[in-house]
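Not measured: the values here are computed from a predicted model.
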Amino acid sequence: MTMKNGTDTMDLESLHQQAAALRQQGNLAEAEKLYQQIQQTLDLKSLAEQAVAFHQHGNLGEAERLYQQILQADARLFGPRFYLGLIRLQ
């Protein structure tokens, strides 16, 4: 399953395994960075799912606000940019 930022579930599992290994090795700073990356990915995925649901139910203002919030976190994401463009065309 690919998420909006291009990270798929397998990548998240791999990141989690890497973070756990780093933690076990005592490299807590690097493990923490990976855990933060995982959390940000999950947060953006959740926001994207909410935005799409609002969009599908015609609540374009709320969908637009969430798409913009996602793009503020990562402007490189294609999905939210695409859907934001669709809203602006409607």
task = Apply side-chain hydrogen bond (donor to acceptor under 3.5 Å, both in side chains) to Q37 and T41, showing your working.
result = CA-CA 6 Å; Q37 182 181 350; T41 298; 5.5 Å; no
- Task: Decide side-chain hydrogen bond (donor to acceptor under 3.5 Å, both in side chains) for Q68 and Q72; before the verdict, give the C-alpha distance in whole Å, the side-chain angles of both, and the deciding distance to 0.1 Å.
- Result: CA-CA 6 Å; Q68 289 173 340; Q72 285 176 350; over 6 Å; no
Does the pair Q40 and L44 meet the rule for a side-chain contact (heavy atoms from CB on, under 4.5 Å), with working shown? CA-CA 6 Å; Q40 180 183 16; L44 291 178; 4.1 Å; yes
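The shortest side-chain heavy-atom distance between L86 and F82 falls under the 4.5 Å cut-off.
Counting only distance, with no hydrogens or angles, the side chain of R81 and the backbone of R76 share no donor-acceptor pair below 3.5 Å. Counting only distance, with no hydrogens or angles, the side chain of H55 and the backbone of A51 share no donor-acceptor pair below 3.5 Å.
Here the CD atom belonging to Q50 is positioned 8.5 Å from the CD1 atom belonging to I70, to the nearest 0.5 angstrom. Between the CZ atom in F54 and the CZ atom in R65 there is a gap of 7.5 Å [rounded to 0.5 Å]. Here the straight-line distance linking atom CG of L47 with atom CG of L42 works out to 11.5 Å at 0.5 Å rounding. Atom CD of Q90 and atom CD of E64 lie 10.5 Å apart (nearest 0.5 Å).
Connection of F78 to L66 is established within a shared hydrophobic cluster, with ILVMFWY side chains joined at heavy-atom distances below 4.5 Å, either directly or through further cluster members.
Between R23 and E30, no side-chain nitrogen of the basic residue sits less than 4.0 Å from a carboxylate oxygen of the acidic one, so the salt-bridge criterion is not met.
Checked options Q18, K33, H16; the residue passing with I38 is H16 (criterion: side-chain contact (heavy atoms from CB on, under 4.5 Å)).
In this structure, Y83 and Y67 have parallel ring planes: the angle between them is below the 30° cut-off, well short of the 60° mark.
With no hydrogens or angles considered, a side-chain donor-acceptor pair links E32 and Q36 at under 3.5 Å.
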